[in-house]
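Only this structure's heavy atoms are used, side chains among them; waters, hydrogens and symmetry mates stay out.
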Amino acid sequence: MLTLILLLFLGGAIVTWLGGKLSPVVGDLLFLATIIIPAGMFFTGVPVGEVTHLHALGLTLTWGLTPLSYLFSMIVVGLGILLAIYAVPFMKGKQKTGAFYFNFTLSVMSMLGILASKDWVSFFIFWEIMTWSSYLMVILNGKEVQRVGIKYFIFSAIGAYAMLMAMVVMNSQLHSFLLADTFNNFQHLTTGNQILIPILLLVAFGVKSAMMPLHVWAPDAYSNAPMAYTGLFSGALSKMGIYGMVLVMVTMINQLPEGTLIRDIIAWIGGFTAAAATLWAITQDDGKKLLAWSSVGQMGYIIVGVAIGTPLAMLAALFLVVIHAMFKGSLFMVVGAIEKQTGTTDFKEVNGLIRKMPWTFISALISVIALAGIPPLAGFVSKWMLYEALIQNNNYILVILLFFASTAGFLYCYKFLHGYFLGQEEPEWAHVKEAPVAMVIPMLLLALGTFVLGTYPQLLFKPIDAALQYVGYDATGGRLWGESLLFSQWGDVVTLQPILYVVLAVFVFFALFLWFKGTKGTRYVSTKDISTSGELPKEWENLTFKVNFMQPFERAIEPFLKRQVDKYYTAFGNGMEALFEFTRRIYTGNGQTYAIYAVLFLALLLLFRVNLFG
């Protein structure tokens with residue numbers, strides 16, 4: 001069944017691309033069928049634990065889902081369905097729709113293939129398909145291909161070569177490409193390779209999960225790709241790096257005497273990633289870039305939980321893996337809807353959309369609350385568990401760092417909501433209407449899902465519990481979540497539920513009050529209908545609050561913002577380019593020049609023949 005699903009994705013991608021050349025409507029229908037039919041087969045007919053063997057070119061490729069990979073597969077397939085529905089109206093009227101559908105489908109197929117791979121050859125092949133399809137999405141719009149596309153490609157190549165090198169070293173000593181053989185016989189490797197292989201794999205997986213300092217590709221790539229794909233890019237594709245990190249941490253690092261030190265280093269890198277990316281998100285004046293940096297920061301929280309590795313920390317990390325896919329997928333859909341309806345995502349250009357796009361605003365509001373970690377939504381549950389896990393593990397300074405990141409995150413969350421939806425309505429946006437229903441429903445479903453899982457987290461705890469037991473954690477009898485003070489004994493509900501309902505009731509009361517008050521003869525004025533110290537502002541002057549929104553805060557963190565690792569990568573790249581230019585002067589392609597080189601080489605051999613050959 002799993003092989004059939006992968007073949008349907010692959011065949012469907014090709015048929016959709018060809019069908020789109022006949023008619024856009026045919027392409028749209030084929031695209032939806034290509035995603036929804038295999039996804040339905042996945043949820044109804046793929047048993048966990050079933051193994052399939054494929055013999056090709058003298059190799060045996062082994063595929064099958066484990067409880068851990070099934071958890072990540074639900075993210076890929078579930079998010080893929082919703083984003084596919086969203087993508088059809090989003091891509092309407094745009095160019096290269098066929099290429100978008102083709103690469104979108106290949107991305108879903110390749111991620112599912114990665115999670116189903118039980119050997120390193122399959123893993124690497126699907127990894128490369130995922131990289132190439134996502135790269136083609138990053139450059140699909142044709143904007144800044146040289147800067148954004150090449151940067152993403154180079155870092156992806158670094159990760160791929162690191163993984164390939166690890167595969168070669170493992171196979172040379174263990175004579176097997178099976179993941180199980182690698183993990184079970186890890187102690188049979190030489191001491192040096194027991195250190196080298198995990199580091200190489202962590203580099204490969206760290207690139208995809210945008211772990212600092214390997215993150216510099218992510219903000220531009222996320223913001224440059226079509227928004228109908230970026231939700232999948234950030235919500236699912238980045239999780240392939242986390243999936244790999246989990247495997248490395250629990251099967252390799254745990255067996256090393258130096259494992260604790262490596263875990264601490266990765267945890268601190270994750271904490272710094274969360275804090276630094278949050279500060280960068282605050283300074284952005286474009287919703288795409290803000291969410292891109294926010295995604296990097298949220299991955300930092302997950303990396304911390306995976307690196308700490310205690311049962312509660314892993315529970316928090318895997319819970320956040322799913323929740324992040326939901327609220328960040330919804331938020332990128334929100335930005336895509338705004339871009340579709342207004343033509344821009346710049347905070348300085350668009351504002352006051354709350355009455356024009358109310359359902360989009362509701363999706364944004366719920367998702368932002370989840371992102372900020374405010375009860376009663378699921379983001380609060382995951383961050384609370386992570387804080388508890390760090391305190392139990394005596395990582396107090398790391399708790400302070402993450403709490404600082406969470407607190408600073410409120411600033412860009414408010415900036416996002418205010419930038420797009422609040423403030424005065426301007427005449428230039430009077431024509432704006434709500435996004436199409438097919439775009440609104442997916443983002444609403446994801447946003448509401450964070451509320452459901454925030455109140456009834458056991459819906460997600462049970463598959464996470466099964467995944468943790470598979471990778472070697474002690475059987476918990478379904479009560480792993482009992483380690484947290486937040487839940488009832490069986491994790492059925494959040495014990496703060498009555499308080500949360502009161503908070504929700506107060507929120508609803510004031511929302512209804514403001515709505516009722518607003519219907520009673522309120523006079524709306526434009527942003528320019530004011531007086532500033534007796535001076536009338538000109539039409540071209542932008543007086544919205546979001547201009548220089550966080551300038552005092554930005555001045556405070558300016559010394560930190562100047563220290564960008566991207567500058568060092570750019571300097572290194574410029575140096576390499578100069579070296580290549582010098583080399584190009586030597587290798588001119590001129591036959592006469594090469595003849596002179598050959599004569600000089602022979603003359604040197606004759607001159608030093610005694611020293612060289614005796």
Side-chain angles (χ1 to χ4, degrees), residues 8-36 38 76 79-111 128-153 156 217-237 286-289 291-292 329 332-346 435-436 438-439 442-443:
L8 285 174
F9 276 126
L10 179 60
I14 298 172
V15 171
T16 299
W17 182 68
L18 294 175
K21 293 183 175 297
L22 298 176
S23 167
V25 176
V26 172
D28 294 344
L29 294 176
L30 287 173
F31 171 64
L32 290 175
T34 298
I35 298 296
I36 294 174
V76 172
L79 203 55
I81 294 174
L82 293 175
L83 279 163
I85 296 171
Y86 174 93
V88 172
F90 178 84
M91 293 300 296
K92 185 177 181 180
K94 295 182 180 291
Q95 296 180 344
K96 302 180 181 179
T97 301
F100 175 89
Y101 289 162
F102 180 80
N103 289 299
F104 186 102
T105 307
L106 282 188
S107 294
V108 174
M109 181 209 72
S110 58
M111 286 187 281
E128 285 301 286
I129 295 174
M130 176 185 71
T131 297
W132 276 100
S133 59
S134 58
Y135 166 74
L136 292 174
M137 283 295 208
V138 169
I139 65 173
L140 185 69
N141 293 328
K143 299 177 181 178
E144 299 185 283
V145 173
Q146 190 70 24
R147 185 178 68 86
V148 178
I150 296 301
K151 183 187 292 185
Y152 176 59
F153 186 84
S156 296
W217 61 270
D220 290 329
Y222 287 163
S223 58
N224 210 55
M227 287 295 101
Y229 180 77
T230 307
L232 189 71
F233 205 168
S234 171
L237 192 144
D286 186 277
K288 293 180 180 180
K289 283 291 184 70
L291 291 183
F332 275 116
M333 289 183 189
V334 166
V335 174
I338 292 171
E339 182 182 40
K340 178 74 173 178
Q341 300 305 100
T342 67
T344 182
T345 57
D346 194 326
M439 295 176 68
M443 68 175 80

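A pairwise comparison of heavy atoms in G19 and L30 identifies CA-CD1, 3.9 Å as the closest pair. Residues L79 and A236 share a closest heavy-atom pair of CD2-N, 4.1 Å. Nearest heavy atoms, A292 versus Y222: CB-CB, 3.7 Å. The two atoms that bring I139 and G149 nearest to each other are CG2-CA, 3.7 Å, heavy atoms only. The heavy-atom pair separating T230 from A225 by the smallest distance is OG1-O, 3.3 Å. The nearest pair of heavy atoms linking L291 to V335 is CD1-CG2, 3.4 Å.
Here CG of L83 is found 10.0 Å from CE of M443. Values are rounded to the nearest 0.5 Å. Going from atom CE of M227 over to atom OG1 of T345 covers 7.0 Å, rounded to the nearest 0.5 Å. Between the CG atom in L10 and the CD1 atom in I129 there is a gap of 7.5 Å [rounded to 0.5 Å]. Taking OH of Y229 as the reference point, atom OG of S234 lies at 11.5 Å (rounded to 0.5 Å). Of the inter-residue distances, the one linking L136 atom CG with L140 atom CG reads 8.5 Å to the nearest 0.5 angstrom.
K340 contributes a side-chain N or O that, together with a main-chain N or O of P89, makes up a donor-acceptor pair within less than 3.5 Å. The main-chain N or O of A13 is never found under 3.5 Å from a side-chain atom of T34 such that the two would form a donor-acceptor pair. Using modelled atom types, one side-chain atom of T16 and one backbone atom of G12 make a donor-acceptor pair closer than 3.5 Å. Using a distance-only test at 3.5 Å, with no hydrogens or angles considered, a donor-acceptor pair links the side chain of S223 to the main chain of D220.
Residues V148 and W217 fail the side-chain proximity criterion, which asks for heavy atoms closer than 4.5 Å.
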Inset, instruction - Begin with the C-alpha distance, continue with both residues' side-chain angles, and end with the deciding distance and a verdict on side-chain contact (heavy atoms from CB on, under 4.5 Å) for M111 and L232. - result: CA-CA 10 Å; M111 286 187 281; L232 189 71; 3.8 Å; yes

Inset, instruction - Before giving the answer on side-chain contact (heavy atoms from CB on, under 4.5 Å), spell out for L106 and F9 the whole-Å C-alpha distance, their side-chain angles and the decisive distance to 0.1 Å. - result: CA-CA 7 Å; L106 282 188; F9 276 126; over 6 Å; no

Inset, instruction - Could you give me the CA-CA distance, side-chain angles and deciding distance for V138 and F153, then say whether side-chain contact (heavy atoms from CB on, under 4.5 Å) is met? - result: CA-CA 10 Å; V138 169; F153 186 84; over 6 Å; no

Inset, instruction - Decide yes or no on ring-ring contact (aromatic ring centres under 6.0 Å, His included) for F90 and F100, but give the supporting numbers first. - result: CA-CA 11 Å; F90 178 84; F100 175 89; 7.4 Å; no

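The side-chain hydrogen bond (donor to acceptor under 3.5 Å, both in side chains) contacts involving residues 86-106 comprise D28-Y101, where partners must be two or more places apart or lie in separate chains.
Between F31 and F104, the ring centre distance stays below 6.0 Å.
Taking the side chain to side chain donor-acceptor pair (under 3.5 Å) definition, one finds that E339 meets it with K288, sequence neighbours left out. Taking S23 as the reference, nothing meets the side chain to side chain donor-acceptor pair (under 3.5 Å) condition, with sequence neighbours excluded.
Tested against L237, the residues S133, S110, S134 include a single side chain to side chain contact (heavy atoms under 4.5 Å, CB included) partner, S134.
Heavy-atom neighbours of Y135 OH from other residues, nucleotides or ligands within 6.0 Å: above the threshold of 12.
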